[in-house]
Structure formats: C-alpha cells, structure tokens
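Working notes for the structure below.
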Amino acid sequence: MSSDNMFSVFGRMTALPGRRDELIALLLKGLRAGGEDSGLLGYSINAAFDDPDTIWLTQLWIDKDAHDATTRSEPVVAATREVGPLLARQPEGGYGHAVHVHGPTAG
C-alpha cells in the first residue's frame, strides 16, 4: 500500500494520577469501536518511562476521510466521551501526512 494519502494522528495524553491504565483501556475501547473496516491501519499506545501518568498515542489511517468518518461514528464518539474525565490536562498532538511507512501495512 502506498503512503501517498495515509493520514497520521500523534499525541500525548496525561491521565489523572494513578489512572493511566484506565485511560489506556478506554482508548483501546474507542479504537476498537470503529470496527475492522474503519480504515485504521495500525496504532500504538506507549507508556512513558519518565512519567507514570503519560501515554503517547499514534494512529495510521488509509486517509483523512476514513479517520473523520470513523471518529464521528456514534460508537467512537460514545467511547471518546469517557476519556475526558480521566485526563489531567488537554491532550497535545497533531495530525499529519505519513511520509514513510515500514511494515506489514506498507505493502
């Protein structure tokens, strides 16, 4: 698969003290809520070594349209609503165009 139109989401989230595992569980729920045909090619949730409440999230989508359609779907919106109360601060991150992809999704 070409990375020409691939869309990426990346960012940092900080959970309330001691609630990182709950945040991770809710993020997984939200990522899975979109279904297998959502256009989400892969994701990574990473726990920071230096902060027990921080996670880094990366998503790779076939394109921005697939991301937008999935994140606006009712199952994903419902799961996302549960994330806010677990956050210590506003998430930081951004969106981008995947310029290089390596691995099974790259084809």
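These numbers come from the heavy atoms of this one structure, side chains and all, not from hydrogens, waters or symmetry mates. Index from 1, following the sequence.
- Residue pairs meeting the salt bridge (charged side-chain N to carboxylate O under 4.0 Å, His left out) criterion with at least one member in residues 43-53: none, sequence neighbours excluded.
- The closest side-chain heavy-atom distance from Phe7 to Leu41 is not below 4.5 Å.
- Separation of atoms OG1 (Thr14) and CG (Leu86) is listed at 12.5 Å; rounding is to 0.5 Å.
- The CE atom of Met6 sits 14.5 Å away from atom CD of Gln59, with the distance rounded to the nearest 0.5 Å.
- Under the 4.5 Å side-chain heavy-atom criterion for Ile, Leu, Val, Met, Phe, Trp and Tyr, Met13 and Leu31 are members of the same hydrophobic cluster.
- You'll find the side chain of Leu57 stays beyond 4.5 Å of the side chain of Val9, heavy atoms only.
- Within the 3.5 Å criterion, the main-chain N or O of Ser38 finds a donor-acceptor partner in the side chain of Thr70.
- Note: the hydrophobic cluster containing Leu26 also contains Leu28 (ILVMFWY, side chain heavy atoms under 4.5 Å, direct or indirect links).
- Under the 4.5 Å side-chain heavy-atom criterion for ILVMFWY residues, a single connected hydrophobic cluster contains both Leu87 and Ile45.
- Here the closest heavy-atom approach between residue Ala66 and residue Gly39 is recorded as CB-CA, 4.1 Å.
- Contact record, Ser8 with Ala98: OG-N, 4.2 Å, taken as the closest heavy-atom pair.
- At a threshold of 4.5 Å between side-chain heavy atoms, the hydrophobic network of Ile, Leu, Val, Met, Phe, Trp and Tyr places Phe10 and Leu60 in two separate groups.
- Within a 6.0 Å sphere centred on OH of Tyr95, heavy atoms belonging to other residues, nucleotides or ligands number 12 at most.
- The CG atom of Asn46 sits 13.5 Å away from atom CZ of Arg12, with the distance rounded to the nearest 0.5 Å.
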key: Chi angles and distances behind the salt bridge (charged side-chain N to carboxylate O under 4.0 Å, His left out) call for Glu74, Arg81   = CA-CA 11 Å; Glu74 184 51 40; Arg81 277 190 210 111; 3.7 Å; yes
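- Within the 4.5 Å cutoff, the side chain of Ile24 has heavy atoms near those of the Arg20 side chain.
- Counting only heavy atoms from C-beta outward, the side chains of Thr80 and Thr71 never approach each other to under 4.5 Å.
- Distance check: Glu82 CD to Lys29 NZ gives 3.5 Å after rounding to the nearest 0.5 Å.
- Annotation: the span from His67 atom NE2 to Leu40 atom CG amounts to 9.0 Å, rounded to 0.5 Å.
- Scanning both residues, Leu23 and Ala15, for their nearest heavy atoms gives CD2-CB, 3.9 Å.
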